[in-house]
There are 2 protein chains.
Amino acid sequence: MTQHKVISFETIRVACRNCNLATLCLPMGLCPEDVERLDGIVKRSRPLHRGDYLFRSGERFRSLYVVKTGSVKTYSPSEEGGEQVLGFHLPGEIIGLDAIEKDCHICSARVLETSAICEIPFARLEELTCCIPSLQHQMFRLLSKEIGHDTDMLLLLGKRNAEERLAAFLLSLSRRLQKRGLSPYDFYLSMSRHEIGNYLGLAVETVSRLFTRFQDEGLLHVDRKHVMIRDISGLESIVGHQPLEGNQQRSS
Amino acid sequence: MTQHKVISFETIRVACRNCNLATLCLPMGLCPEDVERLDGIVKRSRPLHRGDYLFRSGERFRSLYVVKTGSVKTYSPSEEGGEQVLGFHLPGEIIGLDAIEKDCHICSARVLETSAICEIPFARLEELTCCIPSLQHQMFRLLSKEIGHDTDMLLLLGKRNAEERLAAFLLSLSRRLQKRGLSPYDFYLSMSRHEIGNYLGLAVETVSRLFTRFQDEGLLHVDRKHVMIRDISGLESIVGHQPLEGNQQRSS
DNA sequence: CGTAGAGTTGAAACCCATCAACCCACGTGG
DNA sequence: CCACGTGGGTTGATGGGTTTCAACTCTACG
């Protein structure tokens with residue numbers, strides 16, 4: 001809990017620089033007045049708190065959501081209370097693109113820590129994309145990017161062992177934080193070990209063991225949710241270290 | 001090889017019913033003249049043969065591709081000749097959506113058997129989507145659908161054991177063939193065991209063992225690439241059989 | 001008929017999940 | 001103020017599902 005205050009201090013600073021949506025995720029190729037129009041349809045909500053829902057699986061799809069500060073997890077709940085974590089979303093990232101097809105949400109989204117979220121009514125966004133070709137193109141790119149990201153995850157889950165998965169996860173966090181102007185080497189995890197394991201297809205115990213192993217190997221220092229990366233190229237070499245032909249387990 | 005002839009007979013019959021693109025993947029909400037315009041930008045190429053490339057990783061992105069008959073695999077080649085199979089694409093399915101973001105292909109696509117493929121120049125498609133709001137909406141849905149599909153795969157690779165993965169794979173093929181008017185119970189695999197294993201994150205040997213086990217259990221009959229599903233609900237119960245809370249390995 | 005590649009089958013090793021116990025931080029209430 | 005309970009996190013031992021290695025069969029093809 002105390003950690004959340006720390007990450008909030010960080011993120012609030014950044015929030016000032018990211019006041020409008022365009023800056024967050026649809027930045028390129030728009031003239032100022034189009035940015036204005038885009039900004040005009042964005043709803044800003046009061047801050048949400050840990051555990052609050054953006055939407056629940058099965059609900060009618062109305063809006064996309066953009067994280068301004070804080071973090072959000074998406075997951076698909078299965079009967080019996082079990083759940084599959086689908087992603088963690090940091091500032092500047094968009095949520096809800098998977099709901100467009102069926103016009104209803106197929107996953108749930110909950111806030112992991114106190115967060116500021118923008119809401120973009122999709123119907124109004126579509127009106128704009130019709131008029132603004134460059135905005136339409138950005139939307140296509142955005143959707144395409146999501147597909148590319150899922151592809152990466154697919155590769156991670158299909159071909160990488162536990163060590164590689166956690167290293168890739170940490171590097172992904174690090175890079176995404178850096179992109180938002182936060183420290184890529186020193187950050188707090190807003191999700192539990194259980195959620196990390198669930199996301200990476202690993203048991204909690206495996207995640208825990210790997211954190212301690214990484215620390216023992218001097219790759220990082222970890223204290224509960226506080227992570228400090230000491231040897232980022234070491235982590236990168238774990239991920240880059242591609243087995244030649246073999247499949248899942250380490251083959252060289 | 002003899003099998004390929006058989007699947008060709010089947011697919012050629014269907015080809016006649018799927019002459020234009022709109023029927024294949026952008027069917028809804030278009031008036032006849034818009035369908036006409038859409039159809040106007042589609043290039044039809046001569047049949048491609050096993051091993052032919054639709055595009056290679058790294059190439060400039062120009063067009064989307066739609067499978068009319070036959071099948072295509074997409075994969076991301078890694079150095080050293082290893083590859084990760086990303087998907088198998090059957091008639092009516094679209095390829096290349098992941099390339100929009102970076103404006104260059106991040107995976108390669110090769111034809112698995114003699115196939116007919118439509119090419120849709122993306123720049124021209126975007127001109128149309130600007131003018132035709134319902135077409136734009138269909139494009140958004142199409143991209144969103146791809147994300148949803150990737151999500152399913154993510155769940156498969158992250159939480160399912162080998163048995164569940166192969167069962168899900170076979171059911172997916174079965175349903176997609178049925179959607180195109182082909183038999184959901186009797187079909188030929190156009191991909192090798194190696195490619196199936198690669199796709200599902202399993203070793204070839206595991207795939208082979210599972211095929212024989214499924215056959216022993218009366219779920220299906222398999223002779224090389226020829227698959228006959230005997231107990232589809234049996235396969236469904238393997239997939240539906242969700243572990244309550246546990247992660248990867250079978251937990252009940 | 002001989003080679004090559006795909007597919008199958010068996011035995012052994014191994015990564016990781018599972019089970020269990022324990023530690024620690026935190027909040028509650030006596 | 002401290003005992004207590006709870007939930008998250010860690011650590012150890014064990015077992016199991018899959019990979020890996022290896023040998024073999026079968027088909028295709030020259």
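These numbers come from the heavy atoms of this one structure, side chains and all, not from hydrogens, waters or symmetry mates. Numbered from 1 within each chain, the chains take letters A, B, ... in sequence-line order. In this text, all values refer to a predicted model and were calculated from it rather than measured experimentally.
Out of dG7(C), dC16(C), dT18(D), the shortest distance to the side chain of R224(B) is found at dG7(C). Checked against dC16(C), dT19(D), dG9(D), the side chain of N161(A) finds its nearest nucleotide in dC16(C). The side chain of S208(B) lies closest to dT8(C), out of dA17(C), dT8(C), dT20(D). Considering only the side chain of E205(A), dT11(D) comes nearest among dT9(C), dT11(D), dT20(D). Of the candidate nucleotides dT18(D), dG7(C), dT18(C), dT18(C) has the atom lying nearest to any side-chain atom of R209(A).
Between I196(B) atom CD1 and dT18(D) atom P the separation is 16 Å, expressed in whole Å. When the P atom of dA6(C) is taken as reference, atom CG of L112(B) falls 13 Å away, rounded to whole Å. The nearest whole Å value for the distance from the CZ atom in R193(A) to the P atom in dA25(C) is 14 Å. Remark: C1' of dG9(D) and CG of L202(A) are 16 Å apart, rounded to the nearest angstrom. The separation between K159(A) atom NZ and dC15(C) atom P is 18 Å, rounded to whole Å. F214(B) has its CZ atom 16 Å from the C1' atom of dT8(C), to the nearest Å. Between the CG atom of L157(A) and the C1' atom of dC16(C) there is a distance of 15 Å, rounded to whole Å. The CZ atom of R165(B) sits 8 Å away from the P atom of dT19(D) (whole-angstrom rounding).
Side-chain nitrogen and oxygen atoms of T206(B) include none within less than 4.0 Å of the OP1 or OP2 phosphate oxygen of dT18(D). An OP1 or OP2 oxygen of dT9(C) is reached within less than 4.0 angstrom by a side-chain nitrogen or oxygen of T212(B). One finds a side-chain N or O of K225(B) lying less than 4.0 angstrom from the OP1 or OP2 phosphate oxygen of dG7(C).
Relative orientation of the H105(A) and Y65(A) rings is tilted, given thresholds of 30° and 60° on the angle between their planes.
The shortest distance between side-chain heavy atoms of L90(A) and V67(A) does not fall below 4.5 Å.
By the 4.0 Å N-to-carboxylate-O rule, E164(A) lies too far from K159(A) to be salt-bridged with it.
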Please list every donor-acceptor pair under 3.5 Å in which a side-chain atom of residues 199-213 of chain B meets a protein atom from a residue at least two apart or in another chain.
unit_1  : atom_1 : unit_2  : atom_2 : d
T212(B) : OG1    : S208(B) : O      : 3.3
T212(B) : OG1    : R209(B) : O      : 2.7
R213(B) : NH1    : E163(B) : OE2    : 2.7

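In this structure, the side chain of T74(A) does not engage the main chain of L86(A) through any donor-acceptor pair within 3.5 Å.
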